[in-house]
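Some notes on the structure that comes next.
Proteins get letters first, then strands, A, B, ... in listed order; numbering begins at 1 in each.
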Amino acid sequence: MKVTPVVRVQSEDFDVQLESRALAEGRKDVGALVTFTGLCRDEAGTLSALELEHYPGMAEAELTRIAEQAVQRWPLTGLTVVHRFGKIPPGENIVLVVSASAHRRAAFEAADFLMDYLKTRAPFWKKEHLVDGDSGSWVEAKSGDEDDAARWSS
Amino acid sequence: MKVTPVVRVQSEDFDVQLESRALAEGRKDVGALVTFTGLCRDEAGTLSALELEHYPGMAEAELTRIAEQAVQRWPLTGLTVVHRFGKIPPGENIVLVVSASAHRRAAFEAADFLMDYLKTRAPFWKKEHLVDGDSGSWVEAKSGDEDDAARWSS
Amino acid sequence: MNIRYFAWVRERVGLEEETIEVPASVKTVADLIGHLKSLDENHAAAFEEEDAIRVALDQLHVEVDAELGNAREAAFFPPMTGG
Amino acid sequence: MNIRYFAWVRERVGLEEETIEVPASVKTVADLIGHLKSLDENHAAAFEEEDAIRVALDQLHVEVDAELGNAREAAFFPPMTGG
């Protein structure tokens, strides 16, 4: 039975519990449920917000392509990805991945894979807004993120 | 600042949202929150419940030892482990791990490590109760679980 | 052809989006970048660090040697930093 | 010494817990297992597959060659299957 990933790109916050329930409630074949929530940090008090710019249309399409890869690669019973855009203050949610499977390794690896690929391939860009009023610089991509993503192609 | 893991062994269900909030709410230094929930599967309709036996005292002590190892090994801002005992029907929760960190790799790896070590070291045993009325056999440990745990000592 | 810019590429070009006539000599993404750089100083500045720029054709990641083919939209942006 | 049994070891011994006098000759966990096997048929049956049994002394995992030392509690059980 083919699993269709749920992918959403939105400005409003998401509800981790609601998204988890959607993958597990009323089912008896889910043995493992992993959630990853990425949140905005204040960088030791210097950051007032992150501004998330995205490429509408391609963001959804690329997240769907990554999610479909995960569904092909691991025996999942469900997979959900939600990514926010717009201005996000410290302490608030940015991104959510929920993966469900009969077995824990599949659920862990699929969520981990999804985050690594999302970081390097989904068309989102972060700009820092600083507490001192500056709209700071664009966050630079980390070479470590490329290395993380490369782990999955060996 | 040393993080003290939260460890609980209980018969009652847990609330993933409540446990997640306890690690993230009101904080601005958490960038990544991973939850792992292990649930009881019905094994294609054959299982009516799992009975979880545990070694009171040692279960808490061993989970705490494993959690302390994770806290030493990864830069976490918080870590929670809850394991249930008693009779658990399909679809219900068995075990929860929540890990929080500034960075996603630490949060993922700590939760993954905790589940692998917990499986092979925490004194819990599962007995199957079958739909046809039999109290089935004790679940046998999988050699794959030992392999999973061994990944972390290389 | 519809051209879109994101993040600091958008800020340097000074445009979110524009529609341009693609000369017949422009066959690949690299050719297109060369053509865009010739338009004005802002475009030239945006594409100065060519290695730092990623490209999508019709919302699919491509390399700079990709043929434009029948693509209707090209997008230029820095390496992604979502998640 | 307090001895505890869990899961199928408990079922085979027929006891959750018992207090025994440890003979002076019993120094290690392996010695203790030998002694327990000599108690009756149920104990003998429980420890038949010795390789399948795990041991804790005072709630810490140990190997069968561990010295009993001043341990007050020994527990015997199959490989764990929690999580």
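Taking every heavy atom of both residues into account, C:Gln59 and A:Met58 meet most closely at OE1-N, 3.2 Å. The shortest heavy-atom contact between A:Glu140 and C:Thr81 is C-CG2, 3.8 Å. Residues C:Ala56 and A:Tyr55 approach most closely at CB-CE1, 4.4 Å, considering heavy atoms. The minimum heavy-atom distance between A:Pro56 and C:Phe6, with the atom names listed, is CD-CE2, 4.3 Å.
The CZ atom of A:Arg121 lies 4.5 Å from the NE2 atom of C:His61; values are rounded to the nearest 0.5 Å. In this structure, A:Trp138 CH2 and C:Arg10 CZ are separated by 5.0 Å, a value rounded to the nearest 0.5 Å.
Contacts between A:Arg84 and chain C at a heavy-atom distance below 4.5 Å are absent for every atom of the residue. At a 4.5 Å heavy-atom cutoff, the contact between C:Glu73 and chain A is made by side-chain atoms alone. In this structure, chain C has a heavy atom under 4.5 Å from the side chain of A:Lys127, while its backbone stays farther away.
Under a 3.5 Å cut-off, the side chain of A:His83 and the backbone N or O of C:Gly82 do not form any donor-acceptor pair. A distance-only check finds a donor-acceptor pair linking the side chain of A:Trp125 to the backbone of C:Pro78 [under 3.5 Å]. Checking side-chain atoms of A:Lys126 against main-chain N and O of C:Gly83 turns up a donor-acceptor pair under 3.5 Å.
Taking a 6.0 Å sphere around CG of C:Asn70, one finds it holds 12 or fewer heavy atoms contributed by other residues, nucleotides or ligands. Within a 6.0 Å radius of CZ in A:Arg151, other residues, nucleotides and ligands contribute more than 12 heavy atoms. By the 6.0 Å contact criterion, CD on C:Glu16 is open, its count of non-hydrogen atoms from other residues, nucleotides or ligands being 12 or less.
Considering only heavy-atom pairs separated by less than 4.5 Å from chain C, the leading option among A:Gly57, A:Gly38, A:Ala61 is A:Gly57. Options A:Glu51, A:His54, A:Met115, A:Arg65 differ in how many heavy-atom pairs under 4.5 Å they form with chain C, and the most are formed by A:Arg65.
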